[in-house]
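Note that these values count all heavy atoms, side chains included, but never hydrogens, waters or copies made by symmetry.
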Amino acid sequence: MVGKKAEKLPRKVYEKELLRLQTELVKLQEWVRATGTRLVVVFEGRDAAGKGGTIKRVSEHLNPRVARIAALPKPTERERGQWYFQRYVEHLPAAGEIVLFDRSWYNRAGVEHVMGFCTKREHQLFLRQCPVFERMLVEDGILLRKYWFSVSDTEQQERFRRRLEDPLRRWKLSPMDLESITHWEAYSRAKDEMMVHTDITDSPWYVVESDDKRRARLNTIAHLLSSVPYHEVPPPVLELPDRPESTGYQRTPRDLQTYVPDHTARL
């Protein structure tokens, strides 16, 4: 139930349902490709809220030529002189494509605003223009879905601690991430103001409770699938041909090529 801390979803239950949902995502992908649909999914939320893990599970079995992740770095000097939304427009999908935004134009409503990387006027202009920009996308036929991952302060702190101690995940932490701890309330106020202006009928926000990452991933994927009117597209009929008889080809001698050493022989 939303607002209450639920028991962590058992791994076996999670993995079984994830596989089922990922199978449906492949069907969604084929429908997008066959119908020329353009689908944009925006993933936003606090640092360590679980956006990246969810995006990874969404895209895991999809064709990267159809479904791609847009995770833009900080803007270049030239991009800072553009209309704010311009650099994001370049990453929007063409017909038959899906784009997953790992953070998006909403950077201006969050980190840029809280950390002083934009002026007050730029922030206010964003809040006025964003609903207009998104209505233009929707009116042009783009399917736009926006998910806000909500994590508690105690869970965020614990995830930061685990990242600090894990050499495989240490790269996920930056000084900016850690500063978010001391700006918790400022980010909360910024998010509330953002929601007031951009949670509109044409492109509503969907909030994902993400203290339990497994539940968050399944809930997001299930909701995304339920929000798109896709159907299964029959795959082309393929048959594995018989291998033809040899015509005398002989493989190049092994001693003429350089092979990767067998590391596994020492295990």
Colleague: Given Glu155, which partner from the list Arg161, Lys8, Arg162 fulfils the salt bridge (Lys or Arg N to Asp or Glu O under 4.0 Å) test?
Modeller: Arg162

Colleague: Would you tell me whether Tyr259 and Gln257 have side-chain atoms, one donor and one acceptor, within less than 3.5 Å of each other?
Modeller: yes

Colleague: Side chains of His91 and Leu72: does their closest heavy-atom pair fall under 4.5 Å?
Modeller: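 With C-beta onward as the side chain, the pair touches.
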
Colleague: Side chains of Ser180 and Asp177: any donor to acceptor distance under 3.5 Å?
Modeller: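 Absent: no donor and acceptor within the cut-off.
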
Colleague: Please work out which of the three classes, parallel, tilted or perpendicular, describes the rings of Tyr187 and His183, given edges at 30° and 60°.
Modeller: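 Plane angle over 60°, so perpendicular.
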
Colleague: With heavy-atom distances below 4.5 Å as the criterion, would you say the side chains of Leu62 and Gln22 are in contact?
Modeller: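 With C-beta onward as the side chain, the pair stays apart.
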
Colleague: Would you say Glu44 and Trp205 are linked by a side-chain donor-acceptor pair, where the criterion is simply a distance under 3.5 Å?
Modeller: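 Distance-only check fails for Trp205 and Glu44.
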
Colleague: Below 4.5 Å, heavy atoms only, C-beta onward: do Thr198 and Lys146 meet side chain to side chain?
Modeller: yes

Colleague: Is the gap between the ring centers of Phe85 and Phe126 under 6.0 Å?
Modeller: yes

Colleague: I'd like to know whether the aromatic ring centres of Tyr106 and Phe101 sit less than 6.0 Å apart in this structure.
Modeller: no

Colleague: Could you check whether Tyr230 and Glu30, counting side-chain N and O atoms only, form a donor-acceptor pair closer than 3.5 Å?
Modeller: no

Colleague: Please report whether the ring centroid of Trp148 lies less than 6.0 Å from that of Tyr206.
Modeller: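 That pair fails the under 6.0 Å test.
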
Colleague: Side chains of Arg46 and Ser188: any donor to acceptor distance under 3.5 Å?
Modeller: yes

Colleague: For Glu7 and Asp212, work out which heavy atoms get closest and say how close.
Modeller: O-OD2, 3.8 Å

